[in-house]
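Proteins get letters first, then strands, A, B, ... in listed order; numbering begins at 1 in each.
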Amino acid sequence: MRKAAIPAILVCAAAAWLGSAGFGDAANPDAQAFDQIEKGRYLTTVADCFACHTVPNVGKPFAGGRPIETPFGIITSSNITPDADTGIGAWSDEQFDDAVRKGVRPDGSRLYPAMPYPAYTKMTRDDVLAIRAYMATVEPVHQPVKSNTLPFPFNIREAMRAWDALYFTEGEFQPDSRQSAAWNRGAYLVQGPGHCTACHTPKSFLGGDKTSENLRGFNLQGWFAPDITGGRKQGLGQWSEADIVGYLKSGHNKFTAAIGPMTEEIVNSTSQYSDSDLSAMATYLKSLSGRQDATSAQPASAVMTAGQAIYRDQCSACHGLDGKGVPLLFPSLAQSSLAHAGDPASAIRLVLRGGRSVATRSEPTGPGMPSFDWQLNDDQVAAVLTYIRNAWQTAAAPVSADMVGKARDGLRTRSD
Amino acid sequence: MMMQRRDFLAGTAILVLSTMNSRATVISGALPWAPNAGNPPVPVRPGPWHYFTSDEGRAVEALADRIIPPDPQTPGGKDSGCAVFIDRQLAGPYGRSDGHYTQPPFMPGTRQQGAQSANGPAATYREALAALDRYCLSKYQGKRFPDLSDQDKDELLKSLEDEKTKLEGVDGKSFFELVIKDVQEGFFADPLYGGNRDMVAWKMIGYPGARYNYLDWVDRHNERFPLPPVSIIGRADWSPKN
Amino acid sequence: MPRKLPKKDVVIVGLGWTGSIMANALTDEGLDVIAIERGPWRDAPTEFPPSYSQDELRYRIRHELFLRPEQTTFTFRNKMNQTALPIRDWGSFMPPNGVGGGGVHWNAETFRFLPSDFVVKTHLTERYGASFLPEDMTIQDFGVTYDDLEPHYDAFEYLCGTSGTAGNLRGRIQEGGNPFEGPRSRPYPNPAQKQPFSHTLFAKAARDLGYKPFPQPSGNMSQAYTNPLGVRLGPCTYCGFCEWFGCGNYSKASPQTTILPFLIRKPNFSFRDNSEVLHINVDGSGKHATGVTFVDTGGVEWEQPADLVILSAYTMFNVQLLLHSKIGTPYDPVANTGVVGRNFTHQTISSVNGFFDNKKFNFNPFIASGAIGMCIDEFNGDNFDHGPHGFVGGGYMGQVQTGARPIQTTHVPPGTPTWGAAWKDAVRDNYLSTVTPGTGVHGSFYSYRDVYLDLDPTYRDRFGRPLMRMTIDFHDNEIKQNAFLTDKFAEIIRAMGAHTLDKHYRKGPYDSTDYQTTHLNGGAIMGTDPSTSVLNRYLQSWDVPNLFVTGASAFPQNAGYNPTGTVAALAFWAAAAIRGQYLKNPGPLVHA
């Protein structure tokens, strides 16, 4: 199994280089230089090109061909190995940069924002060229890929011109001189190569970022990518920096475990970030203000009673009689932002479907949650989740049986 | 895995997660997990017999009510569903002796060598209930086992147990022992299997059922555990009462 | 013609405890290792979650996690002059199947053998004289000592997070532990589990009678634990659905909860499930294994070549595979020649149920774990003078009740009818106030000339190969041992305050329908003499040096303890020998 892993020592070297030089060397970088390529390898991991551009488990790295769900249909990732015919080997640096930071292909056609160029646009040119330098050393794979597998009329790339006009603001990240170097580094990573906004920022109905609600959570395909601002109720306000770093590095911290699409992100990407970069991101995220939610409705006492019975009889087996779980093994529901999120989609999904949390080198256990869809009906799932969200000096909006029913229907055809 | 999923927003990439399949394949890299893996139980639904004829069902209900007679506090074997339990079990793998070694030759052995018959429990019940029927019809002037008085039923069962009465063609004693075992299993098994209706047996003995966490009670010695029993398919308190 | 797969450095047959231990050790050596498991992959969140694992009918009565006799079984007879008949449904033991093997459904009782157990022949002969031992008793020394294995016992206990109280720390006896145990180099990794009411009461009664009760060493976590591989386990919640069941909340030590998450990440490890090994292949010389042949669920045969073969299937399947692969000379009990199949043993189990006044005693017996319990060891091994008693061996005894699942734990006082109103009333009145230890007396089973394994002449498996035949009965020695122990045990139960006792002595003939633990041992025993053993002291085959056979099949006789701790320690010991000696210089490690 090929891993896009970076030996620790090289990560440290890259981080040291990056730390000292700021966001990239202004001088002309030599694409053949070892340090340029290592910087590029690290940034490729940060930007997680591997995840989308490789078919999981069986595909050759970066050779594309991975089907990606969008609300408009399936699009297929392209081959970005240095193969001249079927990959990007024949592209110039300028063309590579235009693709990554402007969403434009060499023939002038537009990329779809399945490729997160609205985030990558914030990257510096030097960082992009470093990525290019690394990608040029990757094994070339001759594999033609038809990317545009979207159905009509979405396969008309020209339409992206209009979308870009509405939602795409080209331009590098501008550091805020009032903030620390760490904050700026964190902001750069989160907004730029880390492209966290792609999943965690709410979107308009046409799929553009609602920038005023940056990183306050977003529902995509049956999961709710949570609020990762510093908001106390819904976001990471109760997590220390160390908690955030631990989560991104190992997939687990004393509150919770990564599950769902984030597990892949952690395995391929954040678990390999340098510790200083993870700290920087934590600094940035915790500085963001969370949403000001209205106080949620009081749950009905009949619902709480039923939920408590289910909780005691079932959930307490792992999550404990006090809701605090077992650190680094079973999430603390009492303190879990996933359980208390405004949009309970992830919580509903987990109860119905179960899942396996992430296994990383530092946290290999990867414990799993069983599914309860066969055992609990919609009223019961709603009751136990409402209980969990309101039991331990916490409060979050009740979950309705209707929400559960819709989620159950939606899950029927999913394979993940 | 290509899926056309209509969803609301997102100009973002939604990655289709892969699943792992562990049927005689090579597993490496990560431990397998797939959604809907495992086999949650399928609860028995009330309704017509799946295996018994109506006469057989009546006879087994009558047997169940003698093995576990009703009393004011707790229903008997019939009302608690033991015959339903046995019926559904006989209609399934237990009845067929699925998984047993059934290759010949079948030779009688010592008691220590265990059952050596080609007959599974389902066939045994059919044969033995027929033999019991024939015996009752002949001895009790046209009455079947369920029609006898309780006293007559108990006397007959005791004499089968003592081997003072023999049934034709079947071992009455070992059949009765089989029925005792099955009735009592049905009585104490999880209600999802058709017996122990409403957990009456568990309530009778004070068994809290399919619970998993007693950490707050390990150190509480000699105190009555207060929570009601719960089945694998839940209890009434799980549903909000309006 | 089997299809040939690319060669591996090591092929391991069976991915249970010892298969996992060996795989982890040998991959650390940089070897390319594949394990081949007959049964399916199983894990808590999918196959035994805490939402439906609490199903006594399914998992205990219908034994769903276990092997189906239809897939493989054995024939059984008590004596050589009888005809063996197939065990058509399991009774006296229940073989595992699937990844994790017995480690998934075991109780997790994690004992060490006594130092004297490893040199029992020498020890007993010295103390009592050779004529004190029955003439047909074939006990042998193991070839390793307790001191050899101590670091490996320690490694297993720390891998598992075993919960216990040390009794002997580097020679100093510790209050509250087992004063008879061999010296251990450090305490248990976790404190002993808390004991429920009846277990605590047993300890008090035992103490009042002058014994030294100690908590049973338990592989159910007394608290959350992270083992040396970085794998985490949660605290046991006393659900009472332990043995026969998989643990739903990661609190019972098993290969899945202690080794496999770490092992699977190694690029040089992989495994196949649902693949049954048919035989170990040996070259023309008969002295070198070339790999194994296995069949998948489609019936297709494959050959997995390898330089080193580790046979880590359960006791019975180890011996069966050696017989089918024609490795080693089969044992002939009449001529008393040969080795494969000799010294086959089980365990001598009995119990005493105690009935108490339900107005004074409420035991909440359903609150329990698989390996809680308070035990005494005064009557184990040679811990007491056997001179006056006319038998050798012994066992621990204790209130080791693991739960009170109602189908099996609704006992009534002796004399109560087994059905009817009187039965029902007695069940109602006694459920909460009965002590049902289960394997309350856990005695040794020494080896005899006429207790052995070989191939059956009549019955075949689904591949047409002969079934293995068990010839096994109790001998007077074990019957006497058990009577003595059971009476001692009954005294303690009485002293707890029981008004009525129900003693179940172990009596012959050995009954294949009556469950008495799955601690089958021997048949491929270790030793110092190739004419009376299959393996040398490193579990290496005398005949085929690149074959090692782990498991309780190596025990020349069984001691008065659960075998898994010793099985695992021997596996760690063999792995160390392979890493430290064999790999540097492949070949026989012992020249007899």
Side chain from CB out, backbone as N, CA, C, O: work out which of these in [X] comes under 4.5 Å of a heavy atom of chain A, or both, or neither.
X	result
C:Thr46	neither
C:Leu229	backbone
C:Gln256	neither
C:Leu260	neither

| task | May I ask you to test the A:Cys318-C:Pro50 pair for a side-chain heavy-atom distance under 4.5 Å? | result |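 Touching, per the 4.5 Å side-chain cut-off.
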
| Any side-chain heavy atom of C:Ser51 within less than 4.5 Å of one from A:Trp374? |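 When only atoms from C-beta onward are counted, A:Trp374 and C:Ser51 do touch, with a gap below 4.5 Å.
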
| said: With rounding to the nearest 0.5 angstrom, report the CG to OG1 distance, A:Leu329 to C:Thr226. | reply: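 It is 8.5 Å, given to the nearest 0.5 Å.
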
| Euclidean distance, A:Gln314 CD relative to C:Tyr52 OH, rounded to 0.5 Å |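 It is 12.0 Å, given to the nearest 0.5 Å.
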
| request: Might you confirm whether atom NZ of C:Lys7 has over 12 heavy atoms from other residues, nucleotides or ligands at distances under 6.0 Å? | output: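 More than 12 within 6.0 Å, yes.
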
| Just wondering, more than 12 heavy atoms not from A:Lys60 lying within 6.0 Å of its NZ? |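 Open: at most 12 neighbouring heavy atoms sit under 6.0 Å from NZ of A:Lys60.
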
| Heavy-atom closest contact (A:Val326 atom, C:Ala224 atom, distance) |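 Result for this residue pair: CG1-CB, 3.6 Å.
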
| C:Arg265 and A:Pro364: which non-hydrogen atoms are nearest, and at how many Å? |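 Residues C:Arg265 and A:Pro364, closest heavy atoms: CD-CB, 4.0 Å.
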
| Do you know which of A:Leu321, A:Asp313, A:Thr360 has the most heavy-atom pairs with chain C at a distance under 4.5 angstrom? |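 Of the options given, most contacts go to A:Thr360.
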
| field | Choice from A:Gly320, A:Gly366, A:Pro370, A:Gly354 maximising heavy atom contacts with chain C below 4.5 Å | value |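 Maximum pair count with chain C is reached by A:Pro370.
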
| Does any N or O in the side chain of C:Arg232 come within less than 3.5 Å of the main-chain N or O of A:Pro327, such that one atom is a donor and the other an acceptor? |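 No; zero donor-acceptor contacts below 3.5 Å.
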
| query | Donor-acceptor pair, A:Thr365 side chain versus C:Val231 backbone, under 3.5 Å? | reply |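 No, A:Thr365 side chain to C:Val231 backbone: no donor-acceptor pair under 3.5 Å.
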
